[in-house]
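Notes for the one structure printed next.
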Amino acid sequence: MRRISELDRRLFARVAAGRLRGAHPTLPRLSRAANHGRLWFGTAGVLAAVGGRTARRAALRGVGSLAAASLASNLVVKWTVERRRPVMDSVPLVRRLQKQPWTSSFPSGHSASAAAFATGVAIESSRYGFLVAPLAAAVAASRVYVGVHYPSDVLAGVAIGVGAAALTCRYWPPRPEIPAQARPRVSAPALPKGEGLVLVVNQRAGAASAAGGLSVAEQLRVLLPAAEILECGPEDDFMTLLQQAGRRVAERAGALGICGGDGSVNAAATLAAERGLPLAVFAGGTLDHFALDVGVPAFEDTAHAVTEGDAVAVDLARATPLAGGGETKHFVNTFSIGFYPELVRIRESLQDRMGKWPAAAVALTRVLRTAKPMEIEVNGHQRRLWVLFVGNGGYSPDGFAPAYRDQLDDGLLDVRAIDGDQRLARTRLLIAALTGTLGRSHIYSTARVRTLRLSALHDVDSLAYDGEVAPTPAQTLVLDKRPGALTVYRPAEPQNELLQRARTAAAQAPHWWRSVLRR
């Protein structure tokens, strides 16, 4: 420690005596701008405003990483390791801050926040991370330049920041930029300028937002001027409009289009599969899991695939009642029973007043406090479960937040269950969720199967599929897949051998490194 302190002082003295061209007044201004995270919140706002979906995800992860790093450095480490600030006699007056910090010198909170934000952004997008990294490095260096930290304080802050950003991947896994694998290109009509495409825009699903002064419908008309666009407003019946669009597509021998959230995509996919229509998905919801997995995160991606006739065949999953005359429910993403449908119901009742994400947090708190395990039979075996999750294809990673799929035509159902028979199951579930260790918990089990039979559903009042809640149609359900039943427009995949090898390596790597390998 003595040697480190001596090295710290020598390096600090060398920086204080140095005259870096162009460093003044830039570095002191940057140091002040980063107070209380203002610089990073402003940067996140710019990313969210001028960038696309990836930029918004990068901004959100950056801010989340910053919050975690700030908490760890300023409220934990600083009060554990008390270190005096450097003596500033050798630092020129012109460099010094007008208001000197009084807290412990170790670690540098500014450096932790800067490194956390830059790393968080880079996890989602190497391109945006490359742009932010020099700014973060300059802020970290400025703390030594203005005389308020030793170099080791800055290095420790950087380490905390990088660690905090990495920790966010346990709760919110980064989504790979390469789309999921699917079958080779299948036959789909090429529709120049969208001629023959009948597109339903569900404004109630969030697809009414404007960008660049244009509404969603106007943006789509610019991209596909010959397409027929039907807007579903708050007073319109979505299913009636969708059925109308399906009839128009059949008359024109074209394609069905949908712009909305995953629930809207589910309805359109069910109709398209039943009538043998190709489907064009335009991401217009909050999360857009299916659109992102297919590989059409932006309107331009889908529009290009439609005009070129590039499409793939993907599996469509279904839950079929064996008795009672109930309706078969198809799902493109997920199906679940247990406390999740109740969580969705509570969230929807609150989100108009407080917004979707705060409502989801309140709903989760209520459900974990009041929910009871359900008694059901799974493939003939009696089980007591908190929740049963079934994915249309294998999801990654394992754990509390399965985020994306590597393949859309594997013919498998991804089954995940939380056991209600274990001692203190509710408490263990909450602790595992908070610590990001659910994937290794004994109350959590996974399997990948082709068919799943659920029976004795007396304790199950409702089910959820693709974010929609519906009554349980029967006491026995059979879940399986319709392989390659849905034709979806997607830009042609690159056939470059190097990219194919990179895809294979990414699929086999641990989920933390997948986002790196896939860029």
Side-chain angles (χ1 to χ4, degrees), residues 34 36-73 112-133 135-136 139 160-177 205-207 209-212 261-262 283-293 296-299 333 347 351 354-364 395-397 399-404 433-434 436 467 511-512 514-516 518-519:
H36 309 296
R38 290 194 300 263
L39 176 63
W40 309 121
F41 291 128
T43 304
V46 171
L47 285 175
V50 304
R53 179 180 298 274
T54 300
R56 291 193 292 272
R57 285 175 61 90
L60 185 59
R61 188 181 294 277
V63 170
S65 302
L66 182 154
S70 180
L71 178 67
S73 62
S113 297
F117 183 83
T119 306
V121 169
I123 287 173
E124 290 295 336
S125 170
S126 54
R127 178 180 59 179
Y128 291 121
F130 180 78
L131 295 176
V132 173
L135 187 62
V139 169
I160 290 172
V162 172
L167 187 62
T168 65
C169 297
R170 300 187 66 88
Y171 304 94
W172 186 24
R175 177 176 290 275
E177 294 184 358
S209 59
D262 286 313
T286 304
L287 298 177
D288 297 314
H289 290 296
F290 184 73
L292 295 178
D293 284 342
V296 286
F299 290 173
N333 296 320
R347 185 204 70 200
Q351 66 184 27
M354 60 177 63
K356 185 169 185 176
W357 296 114
V362 172
L364 178 60
Y395 272 81
S396 295
F400 190 70
Y404 58 86
L434 292 175
H511 76 271
W512 161 239
R514 288 180 185 177
S515 61
V516 177
R518 287 176 168 172
R519 289 187 174 92

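Heavy atoms only: backbone and side chains are in, while hydrogens, waters and symmetry mates are out. Numbering starts at 1 and runs along the sequence shown.
W40 contributes atom CH2, which lies 11.0 Å from atom CG of L47 (distance to the nearest 0.5 angstrom). To the nearest 0.5 angstrom, N333 atom CG is 10.0 Å from D288 atom CG. In this structure, OH on Y128 lies 15.5 Å from CZ on R61, to the nearest 0.5 angstrom. R38 CZ to F41 CZ: the interatomic distance, rounded to the nearest 0.5 Å, is 10.5 Å. Distance check, rounded to the nearest 0.5 Å: CG of D262 to CZ of F290 gives 9.0 Å.
With F117 as the partner, the side-chain contact (heavy atoms from CB on, under 4.5 Å) test is satisfied by one option alone out of V139, L135, V132: V132. Applying the side-chain contact (heavy atoms from CB on, under 4.5 Å) test between S65 and each of I123, L167, T168 identifies T168 as the sole match.
Here the closest heavy-atom approach between residue A114 and residue A136 is recorded as O-CB, 3.5 Å. Heavy-atom minimum distance, A44 versus A59: O-CB, 3.5 Å. Taking every heavy atom of both residues into account, A69 and I160 meet most closely at O-CG2, 4.2 Å. Shown here for P297 and L292, the closest heavy-atom pair between the two residues is CB-CD2, 3.5 Å. Shortest non-hydrogen contact noted between V121 and A58 is CG2-O, 3.5 Å.
In this structure a side-chain-to-backbone donor-acceptor pair under 3.5 Å is missing from S70 to A67.
Every side-chain contact (heavy atoms from CB on, under 4.5 Å) that L60 has, sequence neighbours left out, goes to W172.
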